[in-house]
Protein chains: 2
Amino acid sequence: MNVPASKSSSPEETIHGHGLRMTDQRRAVFDVLMGERDHPTAVEVFTRVRAKVPNISLATVYNCLDTLTACGLVKTVAHERESARYCPNLEEHAHFFCESCGTVSDIPLRPRKQPQDVWNFPADFSISHHEVSFGGTCPKCAAKAAKQNRN
Amino acid sequence: MNVPASKSSSPEETIHGHGLRMTDQRRAVFDVLMGERDHPTAVEVFTRVRAKVPNISLATVYNCLDTLTACGLVKTVAHERESARYCPNLEEHAHFFCESCGTVSDIPLRPRKQPQDVWNFPADFSISHHEVSFGGTCPKCAAKAAKQNRN
DNA sequence: GCCTTAACAAGAACAATTCCAATTTAGATT
DNA sequence: AATCTAAATTGGAATTGTTCTTGTTAAGGC
Ligand SMILES: [Mn+2]
Ligand SMILES: [Mn+2]
Ligand SMILES: [Zn+2]
Ligand SMILES: [Zn+2]
């Protein structure tokens with residue numbers, strides 16, 4: 001667990017490195033996530049992947065998403081109490097949730113910056129991971145709202 | 001909604017300012033949260049508040065927590081897919097979740113710093129709120145682990 | 001080709017939260 | 001002080017997203 005997938009190795013190799021097998025279902029779930037740069041829920045992944053593997057079950061989609069996450073091939077994204085989303089972007093980044101249209105955007109970390117630059121940790125906290133999410137209005141929706149207001 | 005409770009005004013005033021009433025149940029839920037500087041779940045609040053209001057229902061505890069949050073008197077804290085927690089600290093801060101003992105600690109924002117100092121937002125994103133959570137090992141648990149290792 | 005074990009499918013179970021309909025209560029109005 | 005009305009509470013049912021269970025399928029080492 002927590003072994004990052006190096007860019008050079010294939011997903012097969014990464015999965016094998018965890019003592020697991022690359023199955024059609026895992027491959028299909030992985031491909032669906034890589035195919036779009038968005039953040040689908042498990043059910044959205046399920047409906048997309050059914051086009052390729054018509055008999056896959058939702059339980060298997062959940063299992064695949066869990067194993068892919070455990071192998072470091074995708075990321076799981078939680079926001080408030082909504083259903084989990086899955087992200088193919090392995091770079092360190094935060095998430096922006098547009099409250100108007102629901103889209104999720106990746107927000108990259110500035111080079112050479114760390115969360116500790118902004119939050120003041122008492123000594124001796126050992127941080128193993130962080131999850132940062134922002135809520136607000138995306139540029140697209142802001143533009144739409146501005147246009148509305150002009151009328 | 002989103003009207004912050006100024007420190008000078010009482011919870012009654014704040015609630016009235018939102019056109020709502022201060023009831024025994026709301027008062028008791030509020031007092032329970034203010035009574036400890038921790039981050040209880042709804043069920044934990046429920047069991048604590050039952051000491052004072054023995055017949056309160058869990059649904060009411062959820063309702064009270066929602067209204068107190070809407071009035072800005074407490075904060076709701078989400079972390080991964082766990083049950084929601086509630087926080088009496090109105091200062092801007094992040095949360096640290098100890099994976100070993102489960103405690104939640106407040107991590108203050110450094111003065112004059114912003115999340116935007118660390119994350120690079122494409123222009124035109126209007127941020128209305130953010131939630132930042134860290135996972136890892138708290139100092140107490142780190143010390144315990146170190147002691148174990150020494151044996 | 002056989003065997004062991006991992007992976008999958010289908011549906012049941014689960015936990016947290018929300019919804020609903022009936023009852024109670026706060027506080028305004030007489 | 002009694003009455004009235006909308007808001008709040010209650011208890012239980014319903015919902016939702018996710019996990020668990022059990023029987024079946026299929027890799028891949030031998
Ligand atoms: Mn992402
Ligand atoms: Mn807090
Ligand atoms: Zn938007
Ligand atoms: Zn700890």
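Since the model is a prediction, treat every value here as computed from it, not as a measurement. These values consider heavy atoms only, across backbone and side chains, with no hydrogens, waters or symmetry-generated copies. Throughout, a chain's letter reflects where its sequence line sits, starting with A, and its residues are numbered from 1.
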Whole angstroms only, please: what is the [atom1]-[atom2] distance between [X] and [N]?
| X | N | atom1 | atom2 | value |
| --- | --- | --- | --- | --- |
| A/Glu80 | D/dG17 | CD | C1' | 16 Å |
| A/Leu58 | D/dT21 | CG | P | 18 Å |
| B/His18 | D/dA8 | NE2 | C1' | 17 Å |
| B/Glu12 | C/dG27 | CD | C1' | 15 Å |
| B/Glu44 | C/dA16 | CD | C1' | 13 Å |
| B/Ile15 | D/dA8 | CD1 | C1' | 12 Å |

| Hey, which of these two, B/Asn55 or B/Arg81, hits DNA chain D nearer its 5' end, going by closest nucleotide? | B/Asn55
| Contact residues, residues 59-68 of chain A to DNA chain D [heavy atom, < 4.0 Å] | A/Ala59, A/Tyr62
| query | Where along residues 25-37 of chain B does a heavy atom fall under 4.0 Å from DNA chain D? | reply | B/Gln25, B/Arg26
Looking only at non-hydrogen atoms, find the nearest pair between [X] and [Y] and report the distance.
| X | Y | value |
| --- | --- | --- |
| B/Cys71 | B/Thr14 | O-CG2, 3.5 Å |
| A/Glu131 | A/Val77 | OE2-CA, 3.7 Å |
| A/Thr137 | A/Ala142 | CG2-N, 3.7 Å |
| A/Ala84 | A/Thr76 | CB-CG2, 4.2 Å |

| field | Ring center gap for A/Phe125 and B/Phe134 short of 6.0 angstrom | value | no
| said: Any heavy-atom pair between the side chains of A/Met22 and A/Pro11 that's under 4.5 Å? | reply: yes
| What class does the angle between the rings of A/His39 and A/His93 fall in, given that below 30° is parallel, 30 to 60° is tilted and above 60° is perpendicular? | tilted
| message | I'd like to know if B/Arg110 and B/Asp117 make a salt bridge, using a cut-off of under 4.0 Å between side-chain N and carboxylate O. | response | no
| said: Salt bridge or not between A/Asp106 and A/Lys75? Use side-chain N to carboxylate O under 4.0 Å. | reply: no
| field | Options C/dA7, D/dG17, C/dT17, nucleotide nearest the side-chain atoms of A/Thr23 | value | C/dA7
| request: Apply the test side chain to side chain donor-acceptor pair (under 3.5 Å) to residues A/Glu92 and A/His130: give CA-CA distance (whole Å), side-chain angles for both, the deciding distance (0.1 Å), then the verdict. | output: CA-CA 10 Å; A/Glu92 185 163 26; A/His130 61 259; 3.0 Å; yes
So which protein N/O to nucleotides 22-30 of chain D N/O distances come out below 3.5 Å?
none

| Going only through I, L, V, M, F, W and Y residues with side-chain contacts under 4.5 Å, is there a path from B/Ile107 to A/Leu109? | yes
